[in-house]
Amino acid sequence: MKIKIYAIGHLKESYLKQGINEYLGRLKPYAQVEIVEVDDESIVTNPSLKEIEMVKNKEGMKILKLLKSDEYVIGLDLVKKQPTSPEFAKYLEEKFVLGGSNISFVIGGSYGLSDELKNRCRDRIGLSNMTFLHQMTRLILLEQIYRAFKINRNEVYHK
């Protein structure tokens with residue numbers, strides 16, 4: 001099984017890198033996981049809606065250029081259904097079947113995903129109603145993927 005995570009922005013915080021590396025290591029027995037970082041766009045303080053859309057579109061185009069036509073792409077979207085961990089485990093298992101054991105997640109920048117990128121996604125889910133740094137989202141997503149594998153295999157993992 002292969003999982004690819006496309007993420008806008010480069011990770012700078014060492015504590016997040018450490019956590020991500022921990023879960024990448026934990027996931028090795030279950031799946032090959034790759035994180036693809038894409039440069040974020042700079043934006044002015046207090047941007048207009050037009051400026052926000054321009055940034056989302058530029059960031060979206062960068063990811064769209066990297067996606068292969070056969071990738072089963074799942075976008076992370078604040079306004080979509082937020083599954084429980086057991087629901088996410090079942091969802092992930094189903095998507096591996098549909099995606100031929102290869103799925104990709106997309107984490108947008110600070111302002112989310114462009115409409116064109118949303119349209120390219122075969123599905124979109126939310127992680128929480130809470131707002132997280134988009135860099136932190138990588139760690140949260142990896143932990144939930146790891147938890148899903150543990151749930152699907154009836155293996156013990158702390159609650």
Side-chain angles (χ1 to χ4, degrees), residues 1-40 56 59-110 112-114 116-159:
M1 289 183 213
K2 293 183 181 179
I3 299 171
K4 195 178 283 189
I5 299 171
Y6 294 93
I8 297 293
H10 296 275
L11 215 53
K12 296 173 187 84
E13 295 83 359
S14 60
Y15 70 95
L16 289 175
K17 287 180 183 179
Q18 187 177 4
I20 286 168
N21 287 332
E22 172 68 25
Y23 280 97
L24 288 173
R26 289 182 185 200
L27 281 162
K28 280 186 180 179
Y30 305 104
Q32 179 183 339
V33 181
E34 177 185 0
I35 298 175
V36 178
E37 293 182 330
V38 177
D39 292 340
D40 57 348
K56 287 184 351 182
E59 291 173 344
M61 286 306 298
K62 290 177 184 181
I63 291 178
L64 286 165
K65 287 179 183 177
L66 296 173
L67 294 174
K68 295 175 180 61
S69 60
D70 63 342
E71 284 186 75
Y72 191 98
V73 181
I74 302 166
L76 297 186
D77 192 335
L78 289 172
V79 299
K80 290 297 180 178
K81 182 181 183 329
Q82 296 139 19
T84 63
S85 292
E87 288 170 342
F88 181 67
K90 183 178 180 188
Y91 171 86
L92 196 60
E93 195 170 54
E94 291 168 356
K95 298 313 170 196
F96 271 123
V97 171
L98 291 173
S101 295
N102 295 297
I103 59 173
S104 298
F105 290 92
V106 176
I107 301 171
S110 298
L113 304 173
S114 69
E116 192 173 357
L117 187 52
K118 286 178 185 178
N119 290 334
R120 171 59 179 87
C121 294
R122 292 194 53 195
D123 205 2
R124 290 182 285 148
I125 61 167
L127 290 180
S128 173
N129 281 327
M130 297 174 134
T131 303
F132 303 114
L133 294 170
H134 61 278
Q135 293 93 346
M136 192 173 282
T137 302
R138 297 175 207 183
L139 177 58
I140 295 166
L141 177 60
L142 286 170
E143 191 279 336
Q144 285 301 300
I145 291 169
Y146 176 71
R147 184 179 296 275
F149 278 111
K150 296 299 249 181
I151 289 169
N152 288 335
R153 287 173 171 71
N154 294 315
E155 296 176 359
V156 177
Y157 183 56
H158 61 83
K159 295 182 180 191

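When a residue number appears, it is its place in the shown sequence, counting from 1.
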Margin query: What verdict does the side chain to side chain contact (heavy atoms under 4.5 Å, CB included) test give for L142 and L24, after you've listed the backbone C-alpha separation in whole Å, the side-chain angles of each residue and the deciding distance to 0.1 Å?
Written below: CA-CA 7 Å; L142 286 170; L24 288 173; 4.1 Å; yes
Next item on the list: State which residues pass side chain to side chain donor-acceptor pair (under 3.5 Å) with E116; sequence neighbours excluded, sorted by chain then number.
Entry: none
Item checked: Straight-line distance of M130 CE to I140 CD1, nearest 0.5 Å -> 9.5 Å
Next item on the list: Taking all heavy atoms of S114 and all of G60, pick out the closest pair and write down the distance.
Entry: OG-CA, 3.7 Å
Margin query: Per the side chain to side chain donor-acceptor pair (under 3.5 Å) rule, what does the pair list look like for residues 27-36, sequence neighbours excluded?
Written below: Y30-K150, Y30-E155
Margin query: Checking K81 now: which residues fulfil side chain to side chain donor-acceptor pair (under 3.5 Å) with it, not counting sequence neighbours?
Written below: E87
Next item on the list: Can you see which heavy atom on L127 is nearest to which on T137, and at what distance?
Entry: CD1-CG2, 3.6 Å
Notebook entry, point to check: Less than 4.5 Å apart, any side-chain heavy atom of I145 and any of F88?
Noted result: yes
Margin query: Please determine whether side chain to side chain contact (heavy atoms under 4.5 Å, CB included) holds for the pair Y6 and L67, giving the CA-CA distance in whole Å, both sets of side-chain angles, and the decisive distance to 0.1 Å.
Written below: CA-CA 9 Å; Y6 294 93; L67 294 174; 3.3 Å; yes
Notebook entry, point to check: Is there a donor-acceptor contact under 3.5 Å from the side chain of S101 to the main chain of V97?
Noted result: no
Next item on the list: Give a yes or no on whether a salt bridge exists between E143 and R147, defined as a side-chain N under 4.0 angstrom from a carboxylate O.
Entry: yes
Notebook entry, point to check: For the atom pair CD (Q135) and NZ (K12), what is the distance rounded to the nearest 0.5 Å?
Noted result: 6.5 Å
Check: What pair of heavy atoms forms the shortest contact from F105 to L76, and how long is it?
Finding: CD2-CD2, 4.3 Å
Check: Could you give the distance from CZ (R138) to CG (L16), rounded to the nearest 0.5 Å?
Finding: 8.5 Å
Check: For S104, which residues count as a side chain to side chain donor-acceptor pair (under 3.5 Å) partner, sequence neighbours excluded?
Finding: E71
Notebook entry, point to check: How close do G126 and P83 get, heavy atom to heavy atom, and via which atoms?
Noted result: O-CD, 3.4 Å
Next item on the list: With I5 as reference, evaluate I103, I35, I74 under the side-chain contact (heavy atoms from CB on, under 4.5 Å) test and give the passing residue.
Entry: I35
Margin query: As an exercise, state the distance from NZ of K95 to CD1 of I125, rounded to the nearest 0.5 Å.
Written below: 9.5 Å
Notebook entry, point to check: Just checking, any donor-acceptor pair under 3.5 angstrom between side chains of S85 and Q144?
Noted result: yes
Item checked: Pair Y91, D123: side-chain N/O donor-acceptor within cut-off below 3.5 Å -> yes
Check: Listed by chain and number, what are the side chain to side chain contact (heavy atoms under 4.5 Å, CB included) partners of L113, not counting sequence neighbours?
Finding: V106, L117, K118
Notebook entry, point to check: Of all heavy-atom pairs between K90 and N152, which one has the smallest distance, and what is that distance?
Noted result: N-OD1, 4.1 Å
Notebook entry, point to check: Under 3.5 Å, side chain of K62 to main-chain N/O of D39, donor-acceptor pair present?
Noted result: yes
Check: Would you say the side chain of Y72 lies within less than 4.5 Å of the side chain of N102, judging by non-hydrogen atoms?
Finding: no
Item checked: By ring pair (Phe, Tyr, Trp, His ring centres under 6.0 Å) - contacts of Y146 (at least two apart) -> Y23, Y157
Next item on the list: To the nearest 0.5 Å, tell me how far I151 CD1 sits from T84 OG1.
Entry: 7.5 Å
Checklist line | Closest approach of R120 to K68 (non-hydrogen atoms, all atoms of both residues) | finding: NH2-O, 2.7 Å
Check: Hey, what do you get for CD (E13) to CD1 (I20), rounding to the nearest 0.5 Å?
Finding: 9.5 Å
Notebook entry, point to check: Can you list the steps and then say if R26 with E22 is a salt bridge (charged side-chain N to carboxylate O under 4.0 Å, His left out)?
Noted result: CA-CA 6 Å; R26 289 182 185 200; E22 172 68 25; 2.9 Å; yes
